[in-house]
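Sending over a structure as structure tokens; questions will come in a sec.
Only this structure's heavy atoms are used, side chains among them; waters, hydrogens and symmetry mates stay out. Lettering follows sequence order; numbering is per chain, from 1.
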Amino acid sequence: MISDNIFRFKQLITKKNNSYIKKKKRRSTFVFVIGLVFLFTIFVVSLCIGSSVILSPIDVLSNLLSAIEKNGEDMTTIEVTINLRLPRALSAMGVGIGLSVAGVAYQAIIRNPLVDSYILGISSGAGTFAIGSIAYGFTFFGLISSNLPFAVAIFAIIGGLLAFFLTIILAQRSGSTTTSYVLSGVIVGLVFSTIQTIMIIFARDEALNAVLWLFGSFAQVTKLETICILIPVVILTTVIMCFSKELNLVLLGERESQQMGLNVKRFNIVILIFASVLTSFCIAFVGIVGLVGLIIPHFCRMLFGGDHRIVIPASIVFGGSLMMISDLLTTMIIPGLELPVGAITILIGAPVFACLLFKRGKFYNG
Amino acid sequence: MIIHSHNCHTDCDKIHSYNTESKRRLRVLVVAGVTITIVLALISLCIGSKTNIWVDDALSALISSMNKCGHDLTDKEMLIYKHRLPRAIAAITIGIGLSIAGAVYQAIIKNPLVEPYIMGVSSGAGTFVMAAMFTRFTFFGIFSVNDPIIIVMSAIVGGLLAFGCTMFIAKHAGEKSINYVLAGIVVGLIFSAIQSMLMIRTSIDVNNAFSWICGSFAYVSWDKMYLVLIPVITLSVIPLIWAEEFNLIVLGDDQATQMGMNVKMFNKMMLTIASILTAFCVAFCGIIGFIGLVIPHISRMLIGGDHRLVFPVSMIIGGSLLLSADLMSRTLLVGCELPVGIITTAIGVPIFAYLLIKRGYKYDKRQHFQV
Amino acid sequence: MKTKVVLSAAIIILGAVATVAIGGIEESAACHHSEGIVIDYGSYDTVWMGVDFAEETDPVELLKRACEKNNATPTFEDGKLIEIIRDDDKTISNDSDHEWGLWYINKGGHDFKKSENYRINASDYNVVSWAYTVDGEKPTVAVDALGTSIYGYSQPGSVVTLSPLCAEIVASMNKESIITGREKSSDYPESIKNVSVVGTYTGPSYESIMSVKHDIVFCDGSVQAQREMARILRDSNVNSVVIYDAKTLRDVINNIFIVGTVTASDDRNAVINDINRILDDIKDKTRATEGYKTLVTLGFDPSPYVAGKYTYIDDLLIDANGSNAVGSGGWLKIAPEKLMEINPDCIIVIGSSGGYKERYEEMKGLLPLAWKATNAFKNDNMHLFAGKLGEKTQIAGPRIAQFAEILAKKVNPYAFKDNAPIPNGT
């Protein structure tokens, strides 16, 4: 299977087969259009459905327009409801897209289909710093006041990036192979999660808030925060998408891609940093959302093969949709109660993950 | 084929030549290990968070309290007989149990990175124990709430379930060492999601649940000791009996089959025993990570890969290491208890890191285990 | 190979047999045996008389002895107890809805059961009580959270408290001077900060407890580690009492009663009566006017934690003739849309830490969207309980009465019209 793919890539890269390329291009355009329609449908559905009232799409639109007209003053209940659902849906879509695309990048660069931001220790690092800020009012030695509106988010980004750099340093010390990236990530993650546990045990009043942050929620995302999520997601996703050809090359093997004139080492580091910044921004405002970055790229590769020019758009579509559906589920499973979205994605993701491996497990062995 | 079997014979011969050198090393290690354990046990009887007792006082108090069978004790005797002695015994026992479980996993999965904690077995058992405790599960009214048997049973079910999941995922993802680690982490993630749901739905106190799961020997008492001591020791002895077969298994399944072993059956039985062993350890003392990983490694470094030596040496080192971790957990913070799981993690993570980075390249090769 | 299989099987079977056999022999060691009888006059007014069960086990004879000792006179009619005249000349007799009865708690059990006849043997039971009860209600609580009798302790000279709540209740009985050990974060009343620390909330230390004077150790039943610690301490012949996880108002008062009884405090009845008087007072005042539909939350989160049914907050809201905006049970994290849907008329925010006061106005400006859509916000009927006041609500101890009063004034302001308004956000 793999060798077949490699053969195809080689054909593709050496541009021997023009009709094949045309077919591929047509296919990717098709996937993209269908995907966008699908994503938009889910988005509209998540605006229509909620734990309180179910609206028709036309109602949604008219209320949205009237709410914008009123500029947020004296809104009716339905207009407020739409105003609650809109940032939630948008930020869920953004986070879903960001985590999935980052997952694609990690899996391609590290060449292991089982890695994501959680396994590389980034989530644990972000979580540890966020808990330090929530439960202990940690201010980074007075540099960042805990009264700042985005204090927790800033700490989460710092923690995530710190964990990432520790992982990279450890990995490079041990030979920067696939194995060493993963195992360094695991070690860094374990260290941070031990610190987390200690902090939670000794934090009395804020322990609950801290643990809830760890499992993520879209309920508290404001309009401003939605923008703070969407802008980096759009920029970094576009950047990573531009490099999809190079990601294909990297998958072929170091020697092959070097022959094709790619500085693999530098490329790997740059993409890993992009992916980590992307992940940190996603995690910072909503808390840790596990397994999305792991299962979505898998799912897309299964459906559309290993070409990143298709896998990345497909991940955008499915990642965004999955996260919006998960967010809907958090309030719909027990109507009115807010469950942690991270727990939902894990509970959805784990069986899917097992099924994928069960059906196509051997495929990834190469 | 002929070459193959020839190879096997030389390998087997190598193992069977239980040479005098390794016998001598074993004897030295066992004597030294037992001495260190006894010394540590004595120290842990003498030192505490508030009251320190001299060795001669401690010994005489121990003997007199034994003579009294635990009745009408003085304060000092009470401290030693009711608290420090059961703690020390539990720490040694759990140390033995987790090290043996780790050694068994590593040998059968032929992977030096697997361990009850990393494989998610401890998380599974811990989650089920937590669920049974905080939802006041009584098995349809047959047992009383928090009955020790309920706790043990749920630990075993949870442990085996988690183990099954991890093995399933890892097998299908290709049996590389990273994939075992990754599968274990994913399974651990699932169980922590279940824990968070439990906490939110039953509105239990978060610190309460967390501190309960994060291992400690502070709440071991004589009336639960039988449920820790006997099963753990019994199950730890079994792999010792089969040490030679473990050596064969490490050489490769084909060779083992040629030597007349039912490899599949053997693997299944031993992995189940190791998982149940872990579950018993987790049931009353919570999750204690990394002991199962670090101890077999240290033993192999000291004495080589022969399981007839690795198992007993692991037992001794495991017992004494956990004993000293427990000693630290109750003396580091004066007047308070630290969860022992935190201390073993603090010891284990640097060793894990060192092993991975220094010897990582070896990990997908079998030589690591061989003599 | 065969010998190994047989040997392994033999070892496993031997281990299993040994475990079961030892498990069968082992008895749960309970150091505290209370022998005697309880006379329960209702509304937490109980009298205990210890009697050696070697002398007497018939409950009727025990009652007669107890009455003799307390200068009371029991009256039996047709072999049934119908009234007791107390030493203060109060006559407590059966009427249309109150009745004297003989109640018992089985060994190892928690719940009172009513005895059909008086021919039982008091030594067969955990606690036996002659109780004057309203139809359908049970007698006053007589066992702690682990099912051990709370009667029969001799007056303690020293007390160790393993949680802030325990310390606070003991202090309310004017016994703070005998506290010899405390949990690390206990800080009320001030004087307790000088007492030595015997562990953390989730990690009590056996050695530290044993190193201070410890006639009685009070543990908090809501923490698993403390329940276990109580078991181990009892095994070491240390009297330990586990108070209940205070979920409802009744639990709160039961806990105060338990601590008062165990410490043999003279102030027990006074403390409980004070609380009940304040609560009755609130009920009386608010009976005529209906209070707001109120939501009580922890903090300003867009999807806040709120108090549902079966919490003491819910009980207090009902006492103030208000209604709880949340219908489900326990503490819940509700979705923003749900917050709008239930649309409370009044929101009480409980802040756990200080510093909220300065930020109150700022918070009001930054309130999440869903909060601004509620009637409570529109009518400016939101109240922040932080600092000392927040503490009162979080620790379900005797200070709950003061909290109940303030809460009632907020939930049902018209009932308290003549009272001076209380300042916001203190």
What are the two closest non-hydrogen atoms of B:Tyr219 and C:Thr202, and how far apart are they?
OH-O, 3.5 Å
Quick check on the interface: out of B:Ala218, B:Ser221, B:Pro339, who has the most heavy-atom pairs with chain C under 4.5 Å?
B:Ser221
Hey, could you give me the CD/CD1 distance between C:Glu207 and B:Ile47, rounded to the nearest 0.5 Å?
10.5 Å
Exactly one of B:Met78, B:Lys82, B:Lys76 should register a side-chain contact (heavy atoms from CB on, under 4.5 Å) with C:Met210. Which one does?
B:Met78
Close side-chain approach of C:Glu228 and B:Lys224, heavy atoms under 4.5 Å
yes
Between CD1 on residue B:Ile273 and CD1 on residue C:Ile12, distance to nearest 0.5 Å
4.5 Å
So what's closer than 4.5 Å to chain B heavy atoms on C:Lys333: side chain, backbone, both or neither?
neither
Does any backbone or side-chain atom of C:Val5 lie under 4.5 Å from a heavy atom of chain B? Answer side chain, backbone, both or neither.
both
Other residues, nucleotides, ligands: >12 heavy atoms within 6.0 Å of C:Lys4 NZ
yes
Is it true that atom NZ of C:Lys184 has more than 12 heavy atoms of other residues, nucleotides or ligands lying nearer than 6.0 Å?
no
Of all heavy-atom pairs linking C:Ser8 and B:Ile238, the shortest is O-CD1, 3.5 Å
side-chain contact (heavy atoms from CB on, under 4.5 Å) for C:Met229 and B:Glu337? Distances and angles first, verdict last.
CA-CA 12 Å; C:Met229 186 47 72; B:Glu337 293 278 350; over 6 Å; no
Calculate, to the nearest 0.5 Å, the distance between atoms OG and CZ belonging to C:Ser208 and B:Arg330 respectively.
11.0 Å
Other residues, nucleotides, ligands: >12 heavy atoms within 6.0 Å of B:Met225 CE
yes
Over all atoms of both residues, closest heavy-atom pair of B:Thr234 and C:Ile11:
CG2-O, 3.2 Å
Out of curiosity, C:Leu233 CG to B:His83 NE2, how far, rounded to the nearest 0.5 Å?
10.0 Å
Enter the distance from B:Trp222:CH2 to C:Asp235:CG here, rounded to the nearest 0.5 Å.
10.5 Å
B:Lys268 NZ: over 12 foreign heavy atoms closer than 6.0 Å
no
